[in-house]
Structures are given as C-alpha cells and as structure tokens.
Amino acid sequence: MLIGSKLLVDSLKREGTKSIFGIPGLYNMPMYDSLIEDIESGELRHILMRHEQAAAHAADGYARATGNVGVCTATAGPGVTNIVTGLITAYQDSSPVVAITGAVNRNAMGKLSFQESDTLGVSFPVTKYAVEVKTIEEIPVWVRNAFYIASTGRPGPVVVDIPRDIQMENIEKVEEPGKVNVHYKPFGTVINMDTVREMATNLLKAEKPVILVGNGVTWANATEEVLKLSEFLGCPVVSTLPGKSAVPADYPLYVGAMGYYGRAEASMVALESDLLLAVGARFSDRTFTSYEEMNDTKKLFMAINLDPTDFTKGIKPDVSMAGNAKILVNELLKALSKMSRNGTRYAWNRRINELKEYYSQFSHPPDDGHMRPWKILKTLRESLPRDAILTTGVGQHQMWAETHWENLEPRSFFSSTGMGTMGFGLPCAIGAKVGKPEKVVVDYDGDGSFMMTGNNLATAVDENIPVIAVVNDNRTLGLVRQVQDMFQSKRIVGVDYGNSPNILKYAESFGADAFDANNYSDISEFIGKAIRDNVPAVIRVPVDKEELALPTLPPGGKLREVIVSDPRKGNKNPGRL
C-alpha cells in the first residue's frame with residue numbers, strides 16, 4: 001500500500017530533486033511526513049525558509065546556479081499567496097521552478113474553508129503553467145509534466161497544487177509515468193538555411209555591427225559560440241542586465257550592459273550601430289527605453305530567440321530565427337566560415353574605444369569623504385575568486401552592480417531584472433549556495449532590500465549555508481529617493497529610515513558573523529575572513545544617501561538623454577560624445 005504523499009516524494013526524487021526549499025503547513029504537512037526518511041538518509045535536503053516568498057527565490061537561485069529545476073513548497077492560503085511574488089519573479093526572468101502547494105480537501109472546496117485559496121486563479125497568470133491534481137494516480141504524471149514544462153523551451157515556474165486528502169489517500173500500485181502527457185509543446189528550433197545565409201551576409205556587409213546578448217545565451221550554454229561569432233566578425237558585444245552573466249566582463253570586445261541604468265558607452269554603441277543582432281534577448285523597455293528612438297536609427301535589426309512571440313514585442317526584427325541560441329549561432333558560424341570577409345572594421349572599433357575612454361571619466365568619481373560604490377565593487381572583485389557568484393537585491397546597489405560588477409564566468413550574476421523584486425538577493429544567494437556549495441556566493445544588497453527578507457539569515461545559520469551578505473547601509477530607499485530628488489523637485493517623502501535596525505546587531509541576533517567596514521581594506525579583510533571561516537556573514541558598508549546611481553535617464557527618457565554625472569553639482573551632464 002502506498003500513500004499519496006510518499007508517491008509525491010518518490011516522484012520528485014525520480015525527476016532528480018535533491019533539495020526542497022519551503023515551509024510546512026496544514027495542507028502540505030503529509031508531504032513533509034513522507035520526507036523524514038529521505039532527509040535522515042541524506043537523499044533529500046529540506047531547507048526551512050522563513051517566508052514562502054524566500055522559498056521561491058531560493059529555488060530560483062538554485063535553478064540559475066545549476067541549470068536544473070529548483071523546487072519549493074508552501075501550504076494553502078497565505079502560503080500560496082506569499083509564494084506568488086517569488087513565482088512571478090522567476091516567470092519574468094525565465095527561471096525553471098516547480099512549486100508544490102497543498103490544497104484543502106476536495107470536499108471542502110468552494111465552501112470558504114479554513115485557508116482555502118484559489119491557487120490556480122492566483123498563480124496561473126504569473127507562471128508558465130499551473131495545475132490542480134484531481135486523483136492520486138495523477139501525482140507522478142503531473143510531477144513529471146511539471147519538470148518537463150518548467151525546463152523545456154523558455155524556462156519558467158510551474159505550480160502543482162495537491163489537495164490534502166489526496167496526499168493522505170492510499171493506493172495499491174501506481175505505474176511509473178512514461179512519456180510526458182500534457183497539452184504543451186515547447187518552442188523548438190527551426191533551421192532555415194536561407195535565413196541563416198541572409199543573416200550571415202548582413203553581418204559581413206555591416207560596417208558597424210553589434211551583438212546584444214541576453215539571458216537566453218546563458219540558458220542555452222551558448223557563451224562560447226557567441227564569443228566565437230564576435231571574434232570572427234571583430235564585433236562588439238553589449239548585454240541586457242540579465243545577460244551580464246552570459247559574457248565574461250574581461251572579454252576584450254565586451255562593452256557592458258546597456259539600457260536604463262546601463263553603461264552609457266554600451267547604449268551609445270547600440271545606438272550608433274548599423275546592425276544589431278540580439279541573441280537570446282528580447283527588446284524590452286528596460287533595455288530600449290524608447291522604441292521610436294531605436295527605429296529612428298534606421299539600423300537593421302536581427303534576432304535569435306527561443307520564444308518567437310518576442311519577435312512581435314517592441315521592435316519587430318528585419319531578420320529572425322526562432323530556436324536555441326547555441327544551435328543557431330553554430331549554424332551562423334558555419335555559414336560565415338564559407339564566406340569571405342569584407343576587410344576589417346578599424347573605424348568602428350576606434351569609435352568604440354573612443355566612447356569607452358570618454359565615458360570612463362564619469363564612471364569612477366573620486367572619494368569625497370564617503371566610500372564610492374564603484375570602488376566597493378572593485379574591492380569585492382579583487383577579493384573574490386573568479387567564479388564567485390554575486391546576487392543582488394533591487395535598488396541603487398543593483399544598478400551599481402550592473403555597471404561596475406565584473407562577472408567573469410557564466411552563471412555568476414543573478415538579479416531580479418524583469419520584476420525588480422526587493423528582497424531577492426539573500427534567499428537567491430542561499431539557493432545558489434545550496435546548488436553550488438563549492439563556490440563563494442555573495443549577496444550584494446541595499447539596506448532597504450535586505451530588510452525585506454533578511455530574516456532568512458536564520459535559515460543560512462541553522463542550515464549551515466555560508467553565504468556572505470554585503471549590505472550598503474544608507475538608511476534610505478535609495479533608488480526611489482534618487483528619482484524624487486532629481487525629477488520630482490526634491491520632494492523627498494516616505495523613503496528615509498531612522499536608526500533602526502542596527503544591521504550588525506540584527507545579523508548577530510541570528511548567529512551570523514557581522515563586520516563593520518569603514519574603508520575598502522576592511523571590505524577585503526572581512527571578505528577573506530568570511531571565506532576562511534565558512535559561516536554566514538554580513539558586512540555592513542556605509543554609503544552616503546546622497547550618492548546617485550549613474551548613468552540614469554529621466555523617467556520615460558531616451559538613451560541619448562543619458563545622465564552621466566551629478567546634475568546637483570552644476571555638471572552639464574554631457575551624456576553624448
């Protein structure tokens with residue numbers, strides 16, 4: 001005789017689950033009861049988070065770090081509604097997460113029962129797929145389906161909602177699921193050799209081409225292919241914010257992340273190019289803040305993207321190929337190898353170097369009695385291994401990381417980019433460390449974002465997950481304050497904190513090591529100590545609340561309107577060279 005909850009746990013193991021992030025409650029409690037033996041044997045690890053949102057973020061971080069599906073769980077009602085923020089974050093950033101949620105007994109549904117929630121109604125709009133299991137026989141089928149849906153095509157989160165009475169039901173025997181049986185067809189790869197040759201010909205003809213890489217390059221493991229394409233063409237590479245993790249920052253032809261808070265030189269390279277090839281990137285409003293501005297450049301737009309629906313959003317590419325970036329870029333390389341190149345692009349490369357040199361004068365302002373974010377990040381880079389993973393929360397610190405953090409390996413920079421979810425950094429770091437325990441994992445955070453989910457330091461301590469949180473302490477919601485200061489007539493309201501909490505005492509209350517960095521050498525010293533001690537640690541770094549995240553744009557502004565220096569100090573903000 002087999003109970004439904006044990007069937008659920010066995011089904012998760014069959015799909016390769018090693019770690020589960022979650023919180024038990026009345027309606028997923030049977031599942032937890034069936035976890036005991038596997039936890040005791042070490043076959044499964046359960047990580048007790050301190051909020052369901054953080055459980056989803058941790059599963060998301062695990063997925064981004066490993067490339068495998070991350071698993072989280074929550075009970076019905078508030079457990080489900082809490083986890084939704086993490087699920088929509090994973091959905092926007094195309095991260096494969098499977099959430100197992102408990103539901104009220106079937107005979108209690110529709111009666112306003114205790115903790116009853118319309119889980120499908122709540123989760124369906126913010127996930128790739130959501131399903132309610134109807135019978136015990138469906139459990140292994142839908143677990144398999146969920147992993148398949150989450151990890152194939154464009155990755156994304158899937159919810160499997162299982163009523164408590166089904167988890168408690170007994171059955172003599174259930175056949176192991178065979179092939180996936182679901183009304184879902186992942187996006188495939190279409191190779192049209194005429195289109196491949198057209199794209200190759202356009203790339204060779206272009207005088208000022210640029211490659212824009214996005215998150216799809218990371219998920220396709222196509223970094224090597226993109227770099228080969230760039231080298232063959234002598235062509236610069238820019239990235240979206242989530243695409244930062246696709247290309248090493250020390251690649252000579254990488255200019256940086258472009259967009260709203262991106263590097264000005266990267267945005268200008270994209271604007272001045274005569275051909276832009278987007279690989280694994282969509283033309284989002286955060287990257288191209290004005291579609292009118294981009295269309296006015298009269299450049300040729302080409303795109304390689306797994307999701308063909310992205311070709312109809314924002315800018316419609318002149319030439320497009322739908323499918324896996326690794327496969328299609330390889331086909332492009334094969335086609336190019338059979339064609340003759342039309343000389344070199346000395347003028348274009350000279351212009352790119354000119355842009356880099358010009359904007360460098362604004363990107364590294366000298367110390368003025370306060371620690372500078374660019375130098376904080378430079379110190380972190382010098383203090384960490386090449387393959388260290390950096391996660392971020394959301395706010396000014398995230399924007400500073402976009403422009404100044406140099407990630408040097410694929411899958412080493414994770415941030416909530418599509419949803420902009422404050423509190424993402426710490427639980428994401430916990431999940432990434434569980435997935436990649438051999439790597440140093442650092443959450444670079446702001447005090448506002450950190451306090452959203454900082455209680456999960458308790459998880460890091462109790463579960464011995466040695467993440468390091470570097471918290472910029474400026475006692476304000478810095479990015480909101482910046483917009484109010486710069487664009488709302490200095491009408492600053494609702495953003496400044498008082499003296500609470502003391503971040504060091506807060507960290508110590510959970511049992512984490514706590515360090516107060518008052519200079520750059522302190523940062524280096526404390527990072528080294530945290531790595532050696534191999535325990536959860538928080539490093540507080542004071543940052544002036546008047547510090548701006550630059551470059552930036554006016555609200556609704558165009559890339560050409562970039563602000564590169566502090567206008568409050570009388571600077572004329574020469575945003576363009």
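Position 1 is the first residue of the sequence; numbering continues from there.
Ionic pairing of D307 and R282 is not present here: no N-O contact between side-chain nitrogen and carboxylate oxygen is shorter than 4.0 angstrom. Using a 4.0 Å cut-off between a side-chain N of Lys or Arg and a carboxylate O of Asp or Glu, E402 and K244 do not qualify as a salt bridge. Using a 4.0 Å cut-off between a side-chain N of Lys or Arg and a carboxylate O of Asp or Glu, R106 and E169 qualify as a salt bridge. In this structure, R64 pairs ionically with D60, as a charged nitrogen and a carboxylate oxygen lie closer than 4.0 Å. At a threshold of 4.0 Å, the pair R475-D496 does not count as salt-bridged, since none of the basic side-chain nitrogens sits closer than that to a carboxylate oxygen.
Summarising the geometry of A507 relative to L457, their closest heavy-atom pair is CA-CD1, 4.0 Å, with the distance given to 0.1 Å. Between P125 and L120, the shortest heavy-atom contact is CD-O, 4.3 Å. Nearest heavy atoms, V69 versus Y62: O-CE2, 3.7 Å.
Between L390 atom CG and W405 atom CH2 the span is 5.0 Å, to the nearest 0.5 Å. Of the inter-residue distances, the one linking L384 atom CG with N407 atom CG reads 12.5 Å to the nearest 0.5 angstrom. Of the inter-residue distances, the one linking S500 atom OG with K505 atom NZ reads 11.0 Å to the nearest 0.5 angstrom. Of the inter-residue distances, the one linking N464 atom CG with T459 atom OG1 reads 12.5 Å to the nearest 0.5 angstrom. Distance check: L7 CG to L2 CG gives 5.0 Å after rounding to the nearest 0.5 Å. Between L48 atom CG and F21 atom CZ the span is 12.0 Å, to the nearest 0.5 Å.
P308 meets the side chain to side chain contact (heavy atoms under 4.5 Å, CB included) test with F187, F311, A322; sequence neighbours excluded. The side chain to side chain contact (heavy atoms under 4.5 Å, CB included) test applied to T17 returns L12, I20, L44, V71, F147, not counting sequence neighbours. Under the ring-ring contact (aromatic ring centres under 6.0 Å, His included) criterion, F526 pairs with F515, sequence neighbours left out. H46 is linked by a ring-ring contact (aromatic ring centres under 6.0 Å, His included) to Y32, counting only residues two or more places apart in sequence or in another chain. The ring-ring contact (aromatic ring centres under 6.0 Å, His included) check on F424 picks up H57, with sequence neighbours excluded.
In this structure, I503 and V538 have side chains that are in contact, with non-hydrogen atoms separated by less than 4.5 Å. Annotation: side chain of L8 is not in contact with side chain of S34 (no heavy-atom distance under 4.5 Å). When side chains are defined from C-beta on, S117 does not count as touching V122, because their heavy atoms never get closer than 4.5 Å. Looking at T101 and T75, their side chains never come closer than 4.5 Å, going by heavy atoms from C-beta outward. Annotation: side chain of T391 is not in contact with side chain of V442 (no heavy-atom distance under 4.5 Å). In this structure, S416 and M422 have side chains that are not in contact, with every pair of non-hydrogen atoms separated by 4.5 Å or more. The shortest side-chain heavy-atom distance between I527 and V470 falls under the 4.5 Å cut-off. Put simply, the side chain of S239 reaches to within 4.5 Å of the side chain of V213, judged on heavy atoms.
Heavy-atom neighbours of F124 CZ from other residues, nucleotides or ligands within 6.0 Å: at or below the threshold of 12. Within a 6.0 Å radius of CZ in R540, other residues, nucleotides and ligands contribute more than 12 heavy atoms. By the neighbour-count criterion of 12 heavy atoms within 6.0 Å, atom OH of Y261 is densely surrounded, having more than that number from other residues, nucleotides or ligands. The environment of NZ in K18 is sparse: at most 12 heavy-atom neighbours from other residues, nucleotides or ligands sit within 6.0 Å. More than 12 heavy atoms of other shown residues, nucleotides or ligands fall within 6.0 angstrom of atom CE in M419. Within 6.0 Å of atom CZ in F114, 12 or fewer heavy atoms from other residues, nucleotides or ligands are found, so the atom counts as exposed in its surroundings.
Every pair passing side-chain hydrogen bond (donor to acceptor under 3.5 Å, both in side chains) that includes a residue from residues 138-150 is listed here, sequence neighbours excluded: E15-R144.
Side-chain polar atoms of Y184 and K128 form a donor-acceptor pair below 3.5 angstrom. Of the N and O atoms on the side chains of R154 and S94, at least one donor lies less than 3.5 Å from an acceptor on the other residue. Side-chain atoms of S415 and Q398 include a donor-acceptor pair closer than 3.5 Å. Between D285 and Y291, the side chains place no donor N or O within less than 3.5 Å of an acceptor N or O (distance only, hydrogens not considered).
Remark: side-chain polar atoms of T287 are not paired, donor with acceptor, to backbone N or O of T240 under 3.5 angstrom. Judged purely by atom type and a 3.5 angstrom limit, Q167 uses its side chain to pair as donor or acceptor with the backbone of I162. Side-chain N or O atoms of T312 include one that pairs as donor or acceptor with a backbone N or O of T309 at under 3.5 Å. No donor-acceptor pair closer than 3.5 Å links the side chain of S449 to the backbone N or O of G393. Side-chain N or O atoms of N82 include one that pairs as donor or acceptor with a backbone N or O of P78 at under 3.5 Å. Of the possible polar contacts, none joining the D533 side chain to the A530 backbone as a donor-acceptor pair under 3.5 Å is found. Checked by atom type and distance alone, the side chain of N456 pairs as donor or acceptor with a backbone atom of T453 at under 3.5 Å. With hydrogens and angles disregarded, a donor-acceptor distance shorter than 3.5 Å links the side chain of T223 to the backbone of A246. With hydrogens and angles ignored, the 3.5 Å screen pairs a side-chain donor or acceptor of Q482 with a backbone N or O of A549. Remark: the backbone N or O of N324 is paired with a side-chain donor or acceptor of T189 at under 3.5 angstrom.
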Take D462 and R50 through the test salt bridge (charged side-chain N to carboxylate O under 4.0 Å, His left out) and record every step on the way to the result. CA-CA 11 Å; D462 286 353; R50 298 307 193 261; 2.7 Å; yes
Stepwise side chain to side chain contact (heavy atoms under 4.5 Å, CB included) check, V471 with V541: CA-CA 6 Å; V471 182; V541 182; over 6 Å; no
Walk me through whether E463 and R45 qualify under side chain to side chain contact (heavy atoms under 4.5 Å, CB included). CA-CA 10 Å; E463 296 286 340; R45 183 180 186 185; 3.7 Å; yes
Test salt bridge (charged side-chain N to carboxylate O under 4.0 Å, His left out) on K545 and E547 and set out the steps. CA-CA 5 Å; K545 68 170 56 179; E547 188 81 40; over 6 Å; no
Between T85 and T421, is a side chain to side chain contact (heavy atoms under 4.5 Å, CB included) present by the stated rule, with each step listed? CA-CA 8 Å; T85 297; T421 305; 3.7 Å; yes
Begin from the C-alpha positions of T73 and M31 and carry the test side chain to side chain contact (heavy atoms under 4.5 Å, CB included) through to its verdict. CA-CA 10 Å; T73 183; M31 171 188 167; 3.9 Å; yes
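The residue from P186, S95, P96 that alone fulfils the side-chain contact (heavy atoms from CB on, under 4.5 Å) condition with P155 is P96.
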